[in-house]
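Quick notes on the structure that follows.
Note that ligands are numbered from 1 as they come in the structure, with each ligand's atoms numbered from 1 the same way.
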Amino acid sequence: MVATSISPANLILDWFDLNQRSFPWRATGGEDPNSYWVWLSEIMLQQTNTTTVQPYFLDFIKRWPTVNDLASAKLDQVLHAWQGLGYYARARNLHKCAKIIVEEFNGEFPYDEKKLLSLPGIGPYTAAAISAIVFEFNATPVDGNVERVMARLNNVTKPLPMVKRELIALAKNYTPQKRFGDYAQAVMDLGATVCVPKKPKCSICPCKSICIGFKAGNPEKLPQRSPKKALPTRYAKIYFMRNNQNQVFIRRREEKGLLGGMMELPSTEWSVQHFDNLEESFLSIGIVNWKQIPNSVKHTFTHFHLEMQVYEGVADENTDVSGIWCDLDDLDKQAFPSLMKKVLKHSMSYLKI
Ligand code: SF4
């Protein structure tokens with residue numbers, strides 16, 4: 001479909017018609033978009049790039065071809081299949097949302113942005129993306145790619161996050177009155193392949209003739225960002241405990257909160273206090289010969305760094321714990337987050353097991 005008049009939206013749509021990226025979740029050749037696929041991919045793409053997401057997406061739709069199948073899966077299976085994608089709250093919300101879609105919406109995603117927003121794991125960006133891409137509604141998803149394109153096209157030099165609302169308003173203003181789904185994907189593609197963060201490819205950009213940032217000479221500096229605050233560090237002691245059958249003690253984290261529902265090794269509280277001041281309630285379980293494994297394990301979450309000192313010990317018949325004793329060979333079947341995988345690797349390579 002070729003647009004007729006020159007407007008930013010038409011330039012972008014004409015470019016999209018020739019240059020759109022191909023993804024397994026995208027409809028091609030006049031097919032209707034699959035709402036389950038679009039939703040699943042959008043949740044996976046929150047904080048993760050398309051290259052990483054593609055094999056996970058294909059694996060999910062093979063295991064669970066429909067939203068009904070996903071809703072019937074066990075949370076543990078979903079968390080396990082999600083391993084490596086990070087931000088596990090997304091997987092828990094994905095599962096919760098699938099159940100709601102099946103139980104309350106008859107297996108059909110609602111088209112209305114407000115209803116979509118009420119579902120677990122769906123924020124303003126994802127709601128607008130589903131509404132525009134699946135249902136052709138007048139909705140404008142705005143993510144980092146879109147913010148960057150808007151800031152550059154208009155030479156917005158004030159920094160994010162202060163200027164966020166202005167960029168959202170600009171993005172809405174640019175949205176055409178037709179082809180809402182194509183346009184949403186077109187701006188995403190332009191931001192991801194042409195108007196890229198470090199070296200925008202202005203020479204091949206369809207918007208070069210109207211881009212004020214390009215004319216001003218330094219589009220790569222946009223959008224500006226207010227300096228980030230340094231992340232705080234938290235500390236914890238964590239315990240790699242075996243029994244005399246060479247099983248490792250693991251347990252499940254509480255459903256709510258960071259890494260909720262995932263498996264873990266027991267640890268102290270993750271505290272702003274240094275290791276030396278941590279309260280070690282787990283030590284009261286009967287093992288007296290804990291040995292510290294040299295070097296700590298470090299991991300960074302969105303809001304803080306975590307440093308863990310790892311201890312290893314062997315439980316005897318007096319050890320009183322509630323959790324799971326897992327065979328060493330079965331550890332890779334458990335839904336461990338990356339942090340726990342690092343701790344396991346650190347412990348097992350030290351113990352040579
Ligand atoms: Fe981005 Fe350059 Fe295109 Fe402007 S001309 S939108 S800066 S790629």
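- Note on Cys195: counted as a metal contact of atom 1 (Fe) of ligand 1, an N/O/S atom lying under 2.8 Å.
- Between the side chains of Asp69 and Tyr36, no donor N or O sits under 3.5 Å from an acceptor N or O.
- One finds no salt bridge joining Lys198 and Glu220 here, because no Lys/Arg side-chain nitrogen approaches an Asp/Glu carboxylate oxygen to under 4.0 Å.
- Hydrophobic clustering, with ILVMFWY side chains joined whenever heavy atoms are under 4.5 angstrom apart, keeps Leu45 apart from Val146.
- Counting protein heavy atoms only, atom 4 (Fe) of ligand 1 is closest to Cys211 SG, 2.4 Å.
- Among the backbone and side-chain atoms of Cys205, an N/O/S atom is found under 2.8 Å from atom 3 (Fe) of ligand 1.
- Checked against the 6.0 Å centroid threshold, Trp270 and Tyr235 do not count as a close aromatic pair.
- Here the heavy atom of the protein found nearest to atom 7 (S) of ligand 1 is Pro219 CB, 3.4 Å.
- Atom 2 (Fe) of ligand 1 has Cys202 SG, 2.4 Å as its closest protein atom, hydrogens excluded (heavy atom only).
- Judged by distance alone, the side chain of Gln20 and the main-chain N or O of Ala186 form no donor-acceptor pair under 3.5 Å.
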